[in-house]
Amino acid sequence: MTNTQPRGDRGPRLDTGTVVRAALELLDEKGLDALSTRAVADRLGVRMNTVLWHVKTKARMLELMADAVVGEIPLDDLPDPWDERVRELARRYRGALLGHRDGASLVVGTYAAEPHTLRFADALVGALLAGGLEERAAAWTTWSIVYFTLGLTQEEQATARHPLDGRLAGAVSETLHPALHRVLGHLDADSFGGRFEFGLSAILARR
């Protein structure tokens with residue numbers, strides 16, 4: 001089967017990359033909840049079966065989109081010391097997620113065993129192996145970094161869309177939640193960058 005669109009579609013001839021780029025544009029404009037193969041088809045001015053010819057299903061389209069987001073991470077000009085290389089890769093990963101509306105939610109909902117994702121993972125695992133970690137520790141530390149980055153970035157992007165407006169401070173009671181009340185000043189929504197660096201250091205310190 002060739003990767004050409006079905007006969008009878010009067011829209012422009014497409015390839016998979018064009019469909020994925022259109023889907024990412026739609027994501028940035030309207031968010032993940034508005035994303036569908038029909039919406040992408042409407043954006044491209046073609047019928048939905050043309051989009052499905054290239055991406056097969058919505059789930060597959062999301063996988064390809066997630067891989068395209070990870071593919072935006074540059075893997076050149078990395079620091080030589082292994083630990084700084086790991087930190088820089090994690091920072092670039094976070095940057096790529098933040099570069100798209102709902103970028104973290106998109107990636108966290110997929111299992112994209114695709115070229116860009118594998119290339120990034122290989123670079124991260126390779127840096128950890130270069131730091132002397134044995135194979136299991138390198139693999140599991142990579143998962144820890146990826147999951148931490150995805151979770152924190154997902155929260156950051158959600159907070160940007162729906163500000164907390166002091167709800168946490170209003171909900172925490174000095175009597176009922178004494179420990180939380182004590183650290184309340186460090187739980188603000190504007191500290192994502194600092195929390196990211198702190199968490200990354202904590203993960204690497206336990207290697």
Side-chain angles (χ1 to χ4, degrees), residues 17 20-21 23-25 27-28 32 62-161 163-164 168 179-180 182-207:
V20 171
R21 285 191 295 273
L24 286 172
E25 290 172 0
L27 174 74
D28 290 338
L32 190 59
L62 294 176
E63 289 178 348
L64 294 171
M65 291 171 65
D67 191 56
V69 170
V70 177
E72 296 172 2
I73 302 171
L75 298 181
D76 54 352
D77 298 323
L78 290 166
D80 289 330
W82 74 270
D83 52 341
E84 286 304 313
R85 201 182 328 156
V86 170
R87 291 175 187 274
E88 181 60 22
L89 285 167
R91 290 168 186 147
R92 293 182 186 186
Y93 184 55
R94 175 173 178 256
L97 299 174
L98 289 172
H100 292 277
R101 179 174 174 177
D102 296 332
S105 294
L106 166 69
V107 175
V108 80
T110 64
Y111 188 86
E114 302 296 327
H116 296 306
T117 302
L118 295 175
R119 184 166 169 256
F120 172 78
D122 188 74
L124 188 52
V125 171
L128 291 165
L129 290 173
L133 273 71
E134 51 91 14
E135 286 81 358
R136 187 180 72 170
W140 288 8
T141 301
T142 295
W143 284 127
S144 297
I145 292 171
V146 167
Y147 292 151
F148 164 69
T149 305
L150 283 170
L152 186 65
T153 308
Q154 191 173 21
E155 180 187 347
E156 182 174 1
Q157 292 184 311
T159 302
R161 293 194 310 273
L164 297 178
L168 180 61
L180 278 178
R182 182 175 174 181
V183 303
L184 189 59
H186 302 288
L187 300 178
D188 62 279
D190 297 324
S191 60
F192 285 104
R195 286 157 62 184
F196 172 76
E197 294 293 337
F198 179 88
L200 188 57
S201 294
I203 291 171
L204 293 178
R206 296 177 62 85
R207 70 180 184 88

Minimal non-hydrogen separation, Ala138 against Leu128, with atom names: O-CD1, 3.5 Å
Heavy-atom nearest pair, Arg101 first then Asp28, reads N-OD1, 3.2 Å
More than 12 heavy atoms of other groups within 6.0 Å of Glu135 CD: no
Before giving the answer on side chain to side chain contact (heavy atoms under 4.5 Å, CB included), spell out for Arg85 and Arg87 the whole-Å C-alpha distance, their side-chain angles and the decisive distance to 0.1 Å. CA-CA 5 Å; Arg85 201 182 328 156; Arg87 291 175 187 274; over 6 Å; no
Verify, without hydrogens or angle tests, whether Gln157 (side chain) and Leu97 (backbone) share a donor-acceptor contact under 3.5 angstrom.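 Yes, Gln157 side chain to Leu97 backbone: donor-acceptor pair under 3.5 Å.
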Donor-acceptor contact present, side-chain Thr117 to main-chain Ala113, <3.5 Å: no
Please walk me through it: do Ile73 and Val70 pass side chain to side chain contact (heavy atoms under 4.5 Å, CB included)? CA-CA 6 Å; Ile73 302 171; Val70 177; 3.9 Å; yes
Say whether Gln154 and Ser105, considering side chains only, have a donor N or O and an acceptor N or O under 3.5 Å apart.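 Yes, side-chain donor-acceptor contact under 3.5 Å.
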Pair His116, Glu72: side-chain N/O donor-acceptor within cut-off below 3.5 Å: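 There is no such pair (donor and acceptor under 3.5 Å, judged by atom type) between the side chains of His116 and Glu72.
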Is it true that the NZ or CZ of Arg195 lies under 6.0 Å from the centre of Phe192's six-membered ring and within 45 degrees of the ring axis? yes
Does the ring of Phe196 carry Arg91 above it, NZ/CZ under 6.0 angstrom from centre and within 45° of its axis? no
Less than 4.5 Å apart, side chain to side chain, heavy atoms only: is that true for [X] and [Y]?
X	Y	value
Ile145	Leu89	no
Leu106	His100	no
Thr141	Val86	no

Nearest-0.5 Å distance that lies between atom [atom1] in [X] and atom [atom2] in [Y]:
X	Y	atom1	atom2	answer
Arg94	Thr149	CZ	OG1	8.5 Å
Ile203	Tyr147	CD1	OH	12.5 Å
Trp143	Leu124	CH2	CG	11.0 Å

I'd like to know whether Leu150 forms a side chain to side chain contact (heavy atoms under 4.5 Å, CB included) with Tyr93, so could you lay out the CA-CA distance, the side-chain angles of the two residues, the decisive distance to 0.1 Å, and finally the verdict. CA-CA 9 Å; Leu150 283 170; Tyr93 184 55; 3.5 Å; yes
Apply side chain to side chain contact (heavy atoms under 4.5 Å, CB included) to the pair Asp67 and Val20, showing each step before the final yes or no. CA-CA 10 Å; Asp67 191 56; Val20 171; over 6 Å; no
Salt bridge flag under 4.0 Å for residues Glu88 and Arg92: yes
